[in-house]
Amino acid sequence: MIEVKSLKKSFGTNEVLKEINVTVKPQEVVVVIGPSGSGKSTFLRCINMLETITDGHVFIEGTDLTDKKTDINKLRTEVGMVFQQFNLFPHKKVIENIMLAPMKVRKVSAEKARVKGLGLLRKVGLVDKAEAYPDSLSGGQKQRVAIARALAMEPNIMLFDEPTSALDPEMVGEVLEVMKQLAKDGMTMVVVTHEMGFAKEVGDRVLFMDGGLIVEENTPKELFDNPQEERTKAFLSKIL
Amino acid sequence: MDFRWDLIVEYAPLFLKGTLLTIGLSIAGILIGTVLGLFIGLGKMMRKKLWALPFKWYINFFRGTPFMVQILLIHFAVVPAFLDTTNAILAAILALSLNSAAYVSEIFRAGIQSINRGQMEAARSLGMTHGQAMKYVILPQAFKRMIPPLGNEFIVLIKDSSLAALIAAPELMYWGRAMQGQYMRAWEPYLTATVIYLVLTLSLSSLLSLLERRLATE
Ligand SMILES: Nc1ncnc2c1ncn2[C@@H]1O[C@H](COP(=O)(O)OP(=O)(O)OP(=O)(O)O)[C@@H](O)[C@H]1O
Ligand SMILES: [Mg+2]
């Protein structure tokens, strides 16, 4: 589904990703953890080309992202992304946030996009907020809308970059609940998060990144309870 | 001091004509200046430094020289070079448009660059092209932020249009000066012009704040 082969990424002379090799199978939920600055966000952003790839290859369902002939816009519709800072469109109502891309990119009619959008809002428990503007929502509600917005393009893969890090603690649960449901429905997911409970419950695999490398990868249980690498142990002892 | 209301009444039709021309010059300057300013702003934002250079220097020139010099240069040198004759109204419109375009382009650029990078990324991650993201996500938000500085610029433009009197375009200030010349009186013509300019600029301000409120989201 996702195949990352010797991915390297530099910002100027700063080599942020050194040599990343990862394969994500359909319906798999992969959790990425690691200290700040280790390249987790950059890794996710390379998967849907929000960053240009310096070297190596990323295949999404067999299509090479680094191939010049690849239609990046089309490929991006297959890969939904949820950001730490939500990035909802503040000048549009909640329902319009969700309808925009299906209408403009997929050329779906307004009526169909609305029906679909309301269905997704029901799924994340926010139908009653359809006509509200994002600024009037709480952080947890914003993030659930952002998830619904990404789902409206019917992606096969969802990327989450610390989706609960900007939230007040009491709102973390409602967002994780939506993500767990998504995982149970069979969505392929790559999630950067430090929510160990989430990783243990729905994660199939955990990658520990440090210094632009994947230092260790294993099932959540093994990685958390029985880390092999010193760096992993040091990191886990700090966050657990 | 006796205030000669009768002279103002006598000059009223000319003041009216002048005011209409002032409004005309201002509207033309605002419209052409805005459209031109958008292009120049886009030009200056081009990634290739060399291509952006002419736009940068356009802005430097029009912001870095007095408007009075610009309007005299255009009226007495530029327009005759192309038309073999002078044309005050054309020169005034040209000068106002070219000058305000420089300011509008900077307002436009600042407006776009003030929008959080995450907005573009979210739009692109949904599969929108750069153009679609600009059109549906970035520009509507940038436009809202541009209204107050654009309002300031348009007010400056209305006031600057009074310099068209120097090249004998028969706008409001031209008739004010004519009245002073004819009757050797200063209070009546210039107070009248003052009040009319004030009405014009205040009307524009309230129009813009109305628009701003219309676009507000809670
Ligand atoms: N646009 C950029 N330009 C230059 N350097 C960048 C850019 N984005 C990221 N970096 C650098 O790349 C490195 C990795 O950043 P990245 O955001 O991927 O880390 P992260 O693991 O997501 O950290 P955090 O947990 O703080 O989000 C950092 O040293 C950062 O300074
Ligand atoms: Mg990050």
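Order of the sequence lines fixes the chain letters, A, B, ..., with proteins taken first and strands second; residue numbering starts at 1 for each chain. Hydrogens, waters and symmetry mates play no part in the numbers below; they use all other heavy atoms, side chains included.
Open room surrounds CE on Met68(B); 12 or fewer heavy atoms of other groups in view lie less than 6.0 Å from it. When the shell of 6.0 Å around CZ of Phe39(B) is examined, it contains 12 or fewer heavy atoms from other residues, nucleotides or ligands. Atom NZ of Lys116(A) is surrounded by more than 12 heavy atoms from other residues, nucleotides or ligands within 6.0 Å. Taking a 6.0 Å sphere around CZ of Phe11(A), one finds it holds more than 12 heavy atoms contributed by other residues, nucleotides or ligands. Remark: Lys180(A) NZ is packed, more than 12 non-hydrogen atoms of other residues, nucleotides or ligands lying under 6.0 Å away. Under a cut-off of 6.0 angstrom, the local environment of CZ in Arg177(B) is sparse, with at most 12 non-hydrogen atoms contributed by other residues, nucleotides or ligands.
Met128(B) CE to Leu100(A) CG: the interatomic distance, rounded to the nearest 0.5 Å, is 4.0 Å. Atom-to-atom distance recorded for His130(B):NE2 and Asn73(A):CG is 11.0 Å, nearest 0.5 angstrom. Going from atom CD of Glu96(A) over to atom OH of Tyr136(B) covers 13.5 Å, rounded to the nearest 0.5 Å.
Residues Gln119(B) and Pro90(A) are in side-chain contact: their nearest non-hydrogen atoms beyond the backbone lie under 4.5 Å apart. Side-chain atoms of Arg124(B) and Asn48(A), non-hydrogen and from C-beta on, never get closer than 4.5 Å to each other.
For Phe83(A), the part lying under 4.5 angstrom from a heavy atom of chain B is the side chain only. For Leu159(A), no part sits under 4.5 Å from any heavy atom of chain B, backbone or side chain.
Looking only at heavy-atom pairs under 4.5 Å with chain B, the residue among Val82(A), Leu88(A), Leu75(A) that has the most is Leu88(A). Most heavy-atom pairs under 4.5 Å with chain B: of the set Arg76(A), Glu78(A), Gln85(A), this distinction falls to Arg76(A).
In this structure, Asn87(A) contributes its side chain and Ala122(B) its backbone to no donor-acceptor pair below 3.5 Å. Without hydrogens or angle criteria, Gln141(B) side chain to His91(A) main chain gives no donor-acceptor distance under 3.5 Å.
Shown are Arg149(A), Lys104(A), Met81(A); of these, the side chain to side chain contact (heavy atoms under 4.5 Å, CB included) with Leu126(B) is made only by Arg149(A).
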